[in-house]
Amino acid sequence: MEILGPEEVCAKWNIKEVSQVVDILGLMGDAVDNIPGIAGVGEKTAAKLLAQYGTLENVLADADNIKGALGEKVRKGREDAILSKKLATIITNVPVEFHEEDFRIKEWNKEKLKEVFSALEFKTIGKRLLGDDFAPAAVVAPVGVQTDLFGNIIEPEPAKTTISKTTSAVSSEETESVFAGKNIQNTPHQYEAVVGDIALNSLVTVLKSSKEICLDTETTGIDANTAELVGLSFSIKPAVAYYVPCPANREETLAILAYFSPLFNDASITWVGQNLKYDMLVLKWYGVELAGNLFDTMLAHYVIEPDGKRSMDALAEKYLGYVPVAIEELIGKKGKSQGTMRDVELDKIKDYAAEDADIALQLKHVFAPMLAELEVEKVFNEVENPLVKVLMEMEYEGIRVDEAFLHEYSKELELEAKKRKRVFINKPVYASILHLQNNWEKFLFDKLKLDPSAKKTKTGQYQTGEDVLLKLAARGIGIVDDILTFRELTKLKSTYVDALPVLINPKTNRVHTTYGQAVAVTGRLASNNPNLQNIPVRTDRGREIRKAFIPRDKDHILISADYSQIELRIVAAISGDQNMCDAFKRGTDIHTATAARVYNVEESEVTKEMRYKAKSVNFGIIYGQGAFGLADNLGITRTEAKEIIDNYKKQFPGIQEYMDTTINFAREHGYVQTLMGRKRWLRDINSANFTVRGFAERNAINSPIQGTAADMIKLAMQKVFAAMRREKMKSRMILQVHDELVFDALRSEVNELRPLILENMQTAMPLPNDVPVIAECGEGENWLQAH
DNA sequence: CCGCCCACGC
DNA sequence: GACGTACGTGGGCGGA
């Protein structure tokens with residue numbers, strides 16, 4: 001987007017006229033009023049219009065037409081305006097000087113803005129306003145309690161102290177160099193390539209002198225299960241690192257790795273690294289396992305700042321004020337033409353790889369004290385760090401997929417989808433909506449005028465989500481059914497049935513998901529390539545896909561073990577609500593028990609309808625849902641929904657109390673936490689903005705619940721894994737789906753394994769108030785049966 | 001290439 | 001009167 005500077009706009013047009021056009025057309029009114037230095041879409045468009053129409057009057061006369069033609073731009077402009085306004089709030093709280101007489105800034109106080117933008121990590125807008133001059137500063141102070149960004153009234157006192165604190169962390173002489181960024185060129189370092197018998201031996205001797213070794217691998221790809229080792233780097237003290245290249249020849253690489261086996265096998269060594277799961281998995285394919293302890297800097301940062309950016313580049317920049325060598329300098333930009341590390345000349349890859357190990361070690365020394373200060377050592381040491389090896393083994397194992405079955409099913413889905421499509425074709429009136437989803441939408445809403453009040457999305461498109469369409473179907477619009485079914489079929493086919501076989505690893509004939517251990521802000525795992533945490537289960541057609549997940553051979557069987565109602569049990573336990581705790585202790589169905597209380601009947605008198613509604617309320621409680629949402633969800637009136645909720649709160653007073661105390665805790669401390677001390681920072685909890693604060697409040701309620709459940713299953717995974725090792729079992733834990741664990745179990749071990757799993761899951765993390773934790777399991781010839 | 005919408009899971 | 005249920009991943013689309 002080309003930006004016309006304020007002076008340019010001003011030089012051509014009377015600023016008042018521009019402002020008026022901007023205002024009347026709903027462009028960037030706020031921006032003009034509050035932050036006149038930023039001339040964006042609004043002013044530019046306004047200036048153009050004035051040029052085109054000649055006079056202000058002409059523009060205004062044609063305002064309606066212009067508005068229509070602008071469409072998107074108007075909306076985007078408004079968004080910009082909101083952002084600008086908030087920036088103005090922030091900026092004017094620091095002494096940025098601007099000329100009062102014409103209400104615009106002719107010369108920005110660049111240093112001040114640099115401070116503000118870098119403190120707030122406004123990289124993009126920083127560059128936009130300050131040009132390439134702008135580089136973010138290193139932040140040494142702990143995060144999480146920093147300034148609010150959006151929608152918040154920033155009280156002058158704290159805002160000033162936060163900003164000055166951030167900047168005072170670097171002295172004024174350093175400021176220049178920090179902004180320019182430390183890098184490999186201007187920072188003393190000693191990076192060495194280590195090749196040949198003598199050098200390798202002496203490297204091992206050097207490394208042996210330390211109980212803490214930073215390790216990083218360079219490979220040919222991002223999939224650890226197929227990537228080849230290209231080199232290893234090590235560091236045991238800042239600014240010094242070694243790079244050991246590994247040839248494409250596997251035997252030769254194995255011989256090089258053998259030099260390091262005294263280190264790999266030494267249980268007293270702590271291996272430091274960023275995302276060690278990846279490196280360990282690569283090494284596992286070369287038969288190397290690390291016997292020692294781990295310190296994963298990515299996970300350390302995850303518990304320090306769960307919602308922060310975690311790439312090496314981001315961490316190096318933020319915590320070390322250092323800009324690492326860009327990988328693109330070695331292998332080119334992302335895309336099909338990108339090369340591999342294998343082809344990079346030694347001198348270049350040496351610097352890049354050694355630097356990575358050096359940085360990771362330096363990050364460790366920054367993070368270790370932060371873990372203690374922020375009191376997140378426990379969740380790091382007991383939950384996250386020890387889980388790395390477990391997840392690595394699960395990823396290594398993978399799961400077998402029945403490719404032939406999927407192939408057949410794909411054809412079936414295709415046929416069925418075609419049939420549905422033919423339904424439209426055969427009805428001439430539908431012929432115009434063949435191709436695109438959007439055509440359906442236009443057809444449904446515009447031509448048939450089915451619903452003149454149809455909701456639009458914020459980008460001006462009609463909403464055609466399932467719930468919207470179902471409401472149409474209820475009005476007897478037959479085509480809606482066909483559309484929904486068509487969508488289901490194509491979704492299943494493209495996302496699962498056709499996608500899964502492509503991801504089968506040719507080496508193992510299995511699919512190996514990758515778990516994201518530092519992704520979800522609440523502490524949950526994430527799964528990708530493929531995502532095995534969202535395999536369909538709700539509809540018959542979808543559920544069918546689970547049949548494709550099968551045990552490794554005829555001697556094995558799949559076991560699935562899952563926690564029963566874990567999140568509600570956690571709600572009961574941490575709120576201490578007497579009635580809900582009692583219900584769980586009695587062991588009755590929790591939704592029936594809830595219904596009995598809410599409707600004031602005996603549990604034996606609870607109807608399906610009542611239980612269904614109670615279930616929905618229980619679910620809503622976990623997410624902080626209100627009467628509107630419940631009503632919408634259940635298709636009842638808001639009055640009825642409110643009645644149910646009021647009754648619920650009366651019957652379970654401890655839960656209302658939990659919500660209030662949690663939100664108050666968050667307001668006071670700026671974070672909420674799980675039973676294991678995992679924190680989630682809620683910068684918006686005191687926002688003056690209703691919506692923004694509402695989000696933070698729901699997060700305050702939900703995060704300790706969801707996060708505690710995540711803590712629990714992560715502990716259980718470690719316990720189950722350790723117990724299976726202890727018993728020298730051949731069965732393997734292969735999947736985690738938030739409250740479920742899946743095992744590829746040797747049939748002869750099943751009777752021993754079943755209680756081992758359940759016992760460890762149930763005792764992994766006892767809940768307060770004696771709320772029982774129950775896990776259940778099933779087994780079968782595929783994942784569907786096992787469920 | 002990226003943002004949006006939709007749809008799948010817990 | 002706002003806004004209206006948490007956390008994710010991925011495919012398809014449309015516009016820059």
Side-chain angles (χ1 to χ4, degrees), chain A residues 1 71-72 75-76 79 151 306-307 333-335 435-441 455-469 483-484 487-500 503 513-516 519-539 541-543 545-546 562-563 565-568 571 616-633 638 641 672 680 688-707 709-710 713 735-740 787:
Chain A
M1 186 194 308
E72 272 313 83
R75 195 187 57 79
K76 288 248 157 80
E79 278 176 13
D307 56 351
K333 287 228 184 259
K334 264 201 274 188
H435 308 293
L436 298 173
Q437 212 161 285
N438 234 14
N439 284 356
W440 295 344
E441 290 152 21
K455 278 189 209 160
K456 291 197 177 186
T457 65
K458 57 183 170 179
T459 47
Q461 303 211 344
Y462 285 115
Q463 279 183 11
T464 64
E466 189 176 1
D467 49 341
V468 177
L469 259 48
I483 290 172
L484 286 173
R487 272 194 191 171
E488 185 195 358
L489 295 164
T490 50
K491 163 82 178 175
L492 292 177
K493 187 169 181 292
S494 66
T495 309
Y496 304 102
V497 179
D498 290 347
L500 277 168
L503 291 163
T513 188
T514 301
Y515 288 103
V519 179
V521 279
T522 51
R524 274 189 178 186
L525 293 179
S527 157
N528 62 34
N529 285 305
N531 182 354
L532 296 182
Q533 292 181 322
N534 75 342
I535 302 301
V537 75
R538 210 177 37 132
T539 65
R541 284 194 192 91
R543 208 164 21 240
I545 294 168
R546 297 202 166 217
D562 66 312
Y563 282 114
Q565 302 294 348
I566 191 58
E567 292 197 342
L568 270 184
V571 171
S616 192
V617 185
N618 277 332
F619 198 61
I621 292 299
I622 295 173
Y623 301 143
Q625 186 187 46
F628 185 98
L630 183 68
D632 193 53
N633 197 4
R638 223 180 302 179
V672 289
R680 175 164 184 188
N689 181 311
F690 176 90
T691 312
V692 172
R693 191 178 65 249
F695 265 105
E697 287 173 353
R698 289 192 293 279
N699 288 335
I701 293 167
N702 173 262
S703 291
I705 301 167
Q706 195 179 107
I713 196 166
L735 299 179
Q736 190 254 39
V737 192
H738 308 308
D739 65 353
E740 175 191 6
H787 221 266

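All chains are named by letter (A, B, ...) in the order of the sequence lines, taking the proteins before the strands, and each is independently numbered beginning at 1. Since the structure is predicted, the reported quantities are computational estimates derived from the model, not experimental observations.
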Pairs counted only when both distances fall under 3.5 Å, Watson-Crick or G-U: show me the 5' to 3' dot-bracket for DNA chain C, [ ] for pseudoknotted crossings and | for other-strand partners. ......|||||||||.
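The side-chain contact (heavy atoms from CB on, under 4.5 Å) search around A:Val737 returns A:Gln533, A:Glu740, A:Trp783, not counting sequence neighbours.
A donor-acceptor contact shorter than 3.5 Å is absent between the side chain of A:Ser703 and the backbone of A:Thr522. Using modelled atom types, no side-chain atom of A:Tyr496 and backbone atom of A:Arg546 make a donor-acceptor pair closer than 3.5 Å. Distance alone, capped at 3.5 Å, places no donor-acceptor pair between the A:Ser527 side chain and the A:Tyr515 backbone.
Comparing atom distances between the A:Phe628 side chain and each of B:dC8, C:dT9, C:dG4 picks out C:dG4 as nearest. Here the side chain of A:Pro536 is nearest to one of B:dC10, C:dA6, B:dC8, namely B:dC8. Closest to the side chain of A:Arg487, out of C:dG4, C:dA6, B:dA7, is B:dA7.
The residue A:Arg680 sits close only to the backbone: its heavy atoms come under 4.0 Å of sugar-phosphate atoms, none of a base. Residue A:Asn534 is classed as a base contact, given a heavy-atom separation below 4.0 Å to a base. Using a 4.0 Å heavy-atom cutoff across all strands shown, A:Gly629 reaches at least one base atom of the nucleic acid. Among the protein residues, A:Ile622 comes within range of no part of the nucleic acid, since none of its heavy atoms lies under 4.0 Å from any strand. Residue contacts for A:Tyr515: at a heavy-atom cut-off of 4.0 Å it reaches no nucleic acid atom on any strand shown.
Considering NZ of A:Lys493 and CZ of A:Arg541, their distance stands at 14.5 Å, rounded to 0.5 Å. Between atom CG of residue A:Asn689 and atom CZ of residue A:Phe695 there is a gap of 10.5 Å, rounded to the nearest 0.5 Å.
Listed in residue order, the members of residues 523-533 of chain A having a heavy atom less than 4.0 Å from DNA chain B are A:Arg524, A:Gln533.
Residue A:Asn699 places at least one side-chain N or O closer than 4.0 Å to OP1 or OP2 of C:dC7.
Spacing of C1' atoms, C:dT5 relative to B:dG3, comes out at 23 Å, to the nearest Å.
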